[in-house]
Student: 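Can you keep this structure in mind? I'll have questions shortly.
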Amino acid sequence: ANGLLSVLLKVFAVGSLGVIASCRCDPPVTAPAELPAAAASPVPSVIDVEAACEAGDQGRCVEHAHRLLSGGERGAALVLLEAACDAGEVRGCRRLGWAHLDPDDPEAEAYLAARAFSVACAGGLPDTCEALARLHVRGHGAPPDKVKAAALRRIACEGNHLPSCAELAWQHVRGDGASKSEEKAAALFQRCCDGGMTDLCDRARQPMRSGQADASGGSGSPGGSGR
């Protein structure tokens, strides 16, 4: 009997060990739960922009004015842009300049555009230097002065506004408001070419002939810029 009991105890012990071995206490390895995606920065609503503007955020005032202009509320937009420009927000000066240029009557408020572009140019926005240069070339809102236009374009070009580099190059080709210099023109055309204005690459590599210069036209010639 004692022998039988001993055998039964051994069988029970082996079975218990098997059960314990099959039952792991560590939790199963599973893929970690995905973290919630970071919320994208919300686009401010019209109400948020207007509220920020009223609180004195001039950058938001420029944005609000842009929306007003798009909605045909020009008067209210001009008030905001003038205030932003006066407060030193040069983007407001830039937008104010364009708001004063009516495509149907470009001379009507050109003097106001010139004043706004002048502030924006001095504030470091090179595209507005080109805009002011064009007003000087045409004599719209600013005295006709191609030498001044060339100086403004030089500033804009140094600010990496490539269309201004191209316009300045054409002035050097013609000797119109800038020294007549094929070398300076070629260097400027090459800069434009390197910057992606590939239509000017050939101009950078070939001598400028008087016939080419005459064919290039004035401001608004190949490589010119609009708004």
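Residue numbers run from 1 in the order of the sequence given. Quick caveat: nothing in here was measured; it's all calculated off a predicted structure.
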Student: Restricting to non-hydrogen atoms, name the atom on Gly97 and the atom on Ala113 that form the minimum distance, rounded to 0.1 Å.
Tutor: O-CB, 3.3 Å
Student: Show, in sequence, the C-alpha distance, side-chain angles and deciding distance for Arg153 and Trp170, and conclude whether the side chain to side chain contact (heavy atoms under 4.5 Å, CB included) test is met.
Tutor: CA-CA 11 Å; Arg153 284 170 171 161; Trp170 288 117; over 6 Å; no
Student: Would you name the heavy atoms of Pro106 and Pro103 that are closest together and state the gap between them?
Tutor: CD-O, 3.8 Å
Student: Testing Arg154, Arg134, Arg174 one by one against Glu167 for a salt bridge (Lys or Arg N to Asp or Glu O under 4.0 Å), which residue passes?
Tutor: Arg134
Student: Does the side chain of Arg95 reach to within under 4.5 Å of the side chain of Leu69, using non-hydrogen atoms?
Tutor: yes
Student: Could you name each residue pair satisfying side-chain hydrogen bond (donor to acceptor under 3.5 Å, both in side chains) that touches residues 106-126, not counting sequence neighbours?
Tutor: Arg74-Glu109, His100-Glu109
Student: With sequence neighbours left out, what residues match His140 under side-chain hydrogen bond (donor to acceptor under 3.5 Å, both in side chains)?
Tutor: none
Student: List the atom pairs, with distances to 0.1 Å, where a side-chain N or O of residues 76-92 and a protein N or O form a donor-acceptor pair under 3.5 Å, not counting sequence neighbours.
Tutor:
unit_1	atom_1	unit_2	atom_2	d
Glu89	OE1	Arg91	NH2	3.1
Glu89	OE2	Arg91	N	3.2
Glu89	OE2	Arg91	NE	2.9

Student: Has Lys184 got a side-chain atom pairing as donor or acceptor with Ala169's backbone, closer than 3.5 angstrom?
Tutor: no
Student: Show every disulfide bond (SG atoms under 2.5 Å apart) that has at least one partner inside residues 110-149, sequence neighbours left out.
Tutor: Cys121-Cys129
Student: When you compare the side chain of Leu68 with that of His64, does any pair of heavy atoms fall below 4.5 Å?
Tutor: yes
Student: Taking the side chain as every heavy atom from C-beta outward, state whether Pro126 and Glu130 have any atom pair closer than 4.5 Å.
Tutor: no
Student: Verify, without hydrogens or angle tests, whether Ser45 (side chain) and Asp48 (backbone) share a donor-acceptor contact under 3.5 angstrom.
Tutor: yes
Student: Taking all non-hydrogen atoms of both residues into account, name the closest pair between Gly177 and Ala150 and its distance.
Tutor: O-CB, 3.5 Å
Student: Can you list everything that forms a side-chain hydrogen bond (donor to acceptor under 3.5 Å, both in side chains) with Asp194? Sequence neighbours excluded, please.
Tutor: Gln190
Student: Can you name the salt bridge (charged side-chain N to carboxylate O under 4.0 Å, His left out) partners of Glu63, sequence neighbours left out?
Tutor: Arg60, Arg67
Student: Under the rule for salt bridge (charged side-chain N to carboxylate O under 4.0 Å, His left out), what residues qualify as partners of Arg191, not counting sequence neighbours?
Tutor: none
Student: Which atom pair, heavy atoms only, marks the closest approach of His136 to Ala149?
Tutor: CB-CB, 4.4 Å
Student: Could you tell me which non-hydrogen atom of Ser179 sits nearest to which non-hydrogen atom of His172, and how far apart they are?
Tutor: O-ND1, 2.7 Å
Student: Please test Leu152 against Phe117 for side chain to side chain contact (heavy atoms under 4.5 Å, CB included), starting from the C-alpha separation and ending with a verdict.
Tutor: CA-CA 11 Å; Leu152 288 166; Phe117 286 144; over 6 Å; no
Student: Would a single hydrophobic cluster contain both Leu135 and Leu112, if residues Ile, Leu, Val, Met, Phe, Trp and Tyr are joined by side-chain heavy-atom contacts under 4.5 Å?
Tutor: no
Student: Return the minimal non-hydrogen interatomic distance between Met197 and Pro163, and the atom names on each side.
Tutor: SD-N, 4.1 Å
Student: Would you check if Asn160 and Leu162 make a side-chain contact, meaning some heavy-atom pair closer than 4.5 Å?
Tutor: yes
Student: Who pairs with Lys146 by salt bridge (charged side-chain N to carboxylate O under 4.0 Å, His left out), at least two apart in sequence or on another chain?
Tutor: Asp176
Student: What disulfide bond (SG atoms under 2.5 Å apart) pairs are there with at least one residue in residues 158-190, not counting sequence neighbours?
Tutor: Cys157-Cys165
Student: Got a sec, which hydrophobics cluster with Leu168, joining ILVMFWY side chains under 4.5 Å apart, including via others?
Tutor: Leu188
Student: Give the intermediate values and the outcome of side chain to side chain contact (heavy atoms under 4.5 Å, CB included) for residues Leu200 and Asp202.
Tutor: CA-CA 5 Å; Leu200 295 176; Asp202 287 342; over 6 Å; no
Student: For residues Leu96 and Leu101: do they belong to one hydrophobic cluster (side chain heavy atoms under 4.5 Å, members Ile, Leu, Val, Met, Phe, Trp, Tyr)?
Tutor: no
